[in-house]
Amino acid sequence: MNLTEAQLPERIEPPTMVEPGSAPPCADSARALLEQAAKTRENRQWPSVILLAMSARNRRLPRHRAWPLTTTDINGCLGPYLSRVKDLRFVTGHGSGTIVLGAQWLAPNPRNYGRGIHPDMVGVYIDVHPVDATERAATRAVLQEHALPQLREWITQAIAADETWQLTDHQHYWRLTDGHLTHRDES
């Protein structure tokens with residue numbers, strides 16, 4: 001968001017969301033930020049308050065990249081099955097290619113000299129991969145309509161699968177190429 005000097009407020013008022021007669025616990029830090037913003041306005045510099053308002057999620061990706069789904073989207077679709085998800089990760093790398101969503105079943109495999117993984121680690125992991133920011137809205141609509149219900153079904157099947165399936169690692173990826181969504185297991 002780019003602001004010009006004309007768009008900067010003349011005076012910044014602190015929010016009044018506390019009971020009358022009591023000071024908010026962060027009043028000193030808020031007052032310091034407001035004073036800093038006033039000083040930067042006088043010095044014709046950009047106030048640092050603008051940077052503090054930006055969410056941490058947005059700072060982890062370059063401006064031309066965005067995640068097509070939010071935790072709210074995934075929570076809304078998975079409902080009670082969300083408790084079976086061990087981790088929901090928002091991938092920050094550029095090497096995803098056409099992958100927009102990934103799910104993994106981590107099995108209790110012995111990986112080194114007879115030691116298995118901790119039982120709390122066994123289960124479903126979900127990865128949301130970034131897309132071009134200009135394609136975020138269209139990708140989100142496709143994922144909400146098709147991929148999230150398929151993800152819910154995949155998790156349901158993973159939970160109800162037989163022991164042979166559950167003792168093997170599995171990955172399931174949703175890929176979006178030229179507006180066409182495909183998905184498959186890649187175990």
Side-chain angles (χ1 to χ4, degrees), residues 1-10 12 15 26 29-30 32-34 36-79 81-82 84-106 123-155 158 169-187:
M1 177 169 150
N2 295 329
L3 296 176
T4 63
E5 288 185 40
Q7 292 173 320
L8 290 174
E10 290 296 321
I12 300 174
C26 60
S29 61
L33 287 173
L34 292 172
Q36 183 181 2
K39 287 178 186 175
T40 55
R41 169 95 168 92
E42 294 170 4
N43 294 335
R44 305 288 188 237
Q45 296 174 358
W46 298 113
S48 61
V49 174
I50 292 173
L51 296 176
L52 294 175
M54 186 186 330
S55 69
R57 185 183 80 185
N58 292 336
R59 284 189 297 242
R60 289 190 296 182
L61 283 179
R63 290 189 183 273
H64 67 282
R65 306 289 285 167
W67 288 293
L69 295 172
T70 64
T71 54
T72 306
D73 296 332
I74 294 170
N75 292 346
C77 179
L78 295 184
Y81 292 105
L82 187 64
R84 299 298 192 119
V85 175
K86 299 296 180 182
D87 193 15
L88 173 59
R89 298 176 288 224
F90 289 86
V91 179
T92 57
H94 292 283
S96 300
T98 59
I99 298 173
V100 291
L101 184 64
Q104 176 185 4
W105 173 265
L106 184 63
V124 176
Y125 292 78
I126 298 174
D127 294 330
V128 178
H129 295 258
V131 297
D132 287 335
T134 57
E135 299 172 0
R136 180 191 181 276
T139 303
R140 182 178 186 204
V142 169
L143 292 179
Q144 285 179 327
E145 186 176 341
H146 300 288
L148 288 180
Q150 293 167 353
L151 173 64
R152 181 183 173 124
E153 181 62 28
W154 189 84
I155 291 172
D169 288 341
H170 296 274
Q171 289 96 22
H172 195 91
Y173 293 109
W174 285 262
R175 298 175 187 273
L176 189 64
T177 309
D178 299 326
H180 183 68
L181 184 70
T182 59
H183 66 99
R184 68 176 193 188
D185 274 335
E186 298 180 14
S187 31

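This structure is a prediction, so every number in the text was calculated from the model and none was measured.
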Of all heavy-atom pairs between [X] and [Y], which one has the smallest distance, and what is that distance?
X      : Y      : result
Ala133 : Arg63  : CB-O, 3.8 Å
Val85  : Ile126 : CG2-CD1, 3.7 Å
Val91  : Leu61  : O-CD2, 4.3 Å
Arg136 : Trp67  : NE-O, 3.0 Å
Trp105 : Ala158 : CE3-CB, 4.0 Å
Pro68  : Val128 : CD-CG1, 4.0 Å

Audit row: Asp127, Ile99, side chain to side chain contact (heavy atoms under 4.5 Å, CB included) steps and yes/no: CA-CA 10 Å; Asp127 294 330; Ile99 298 173; over 6 Å; no
Which distance, rounded to the nearest 0.5 Å, do you find between the [atom1] of [X] and the [atom2] of [Y]?
X      : Y      : atom1 : atom2 : value
Thr98  : Leu181 : OG1   : CG    : 10.0 Å
His183 : Tyr173 : NE2   : OH    : 15.0 Å
His129 : Arg89  : NE2   : CZ    : 8.5 Å
Thr71  : Leu88  : OG1   : CG    : 7.0 Å

OH/Tyr81: more than 12 non-hydrogen atoms of other groups inside 6.0 Å: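 Open.
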Salt bridge (Lys or Arg N to Asp or Glu O under 4.0 Å) involving Arg84 - partner list, sequence neighbours excluded: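 Counting only residues at least two positions away or on another chain, Arg84 forms no salt bridge (Lys or Arg N to Asp or Glu O under 4.0 Å).
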Qualifying residues under side chain to side chain contact (heavy atoms under 4.5 Å, CB included), relative to Thr182, sequence neighbours excluded: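 Partners of Thr182 under the side chain to side chain contact (heavy atoms under 4.5 Å, CB included) test: Arg175, His180.
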Working for side chain to side chain contact (heavy atoms under 4.5 Å, CB included), residues Arg65 and Asp132: CA-CA 5 Å; Arg65 306 289 285 167; Asp132 287 335; 3.1 Å; yes
Partner residues of Arg152 under the side-chain hydrogen bond (donor to acceptor under 3.5 Å, both in side chains) criterion, sequence neighbours left out: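 None.
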Partner residues of Trp174 under the side-chain hydrogen bond (donor to acceptor under 3.5 Å, both in side chains) criterion, sequence neighbours left out: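 In terms of side-chain hydrogen bond (donor to acceptor under 3.5 Å, both in side chains), with neighbours along the sequence ignored, Trp174 is linked to Gln150.
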If you look only at distance, which donor and acceptor atoms sit under 3.5 Å apart when one is on a side chain in residues 141-148 and the other is two or more places apart or in another chain?
from   : atom 1 : to    : atom 2 : distance (Å)
Gln144 : NE2    : Asp73 : OD1    : 3.0

Where at least one partner belongs to residues 90-101, residue pairs that pass salt bridge (Lys or Arg N to Asp or Glu O under 4.0 Å), sequence neighbours excluded: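 Qualifying pairs, neighbours excluded: none.
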Note, Leu106 side chain near Asp169 side chain (heavy atom, < 4.5 Å):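 Yes, at least one pair of side-chain atoms sits under 4.5 Å.
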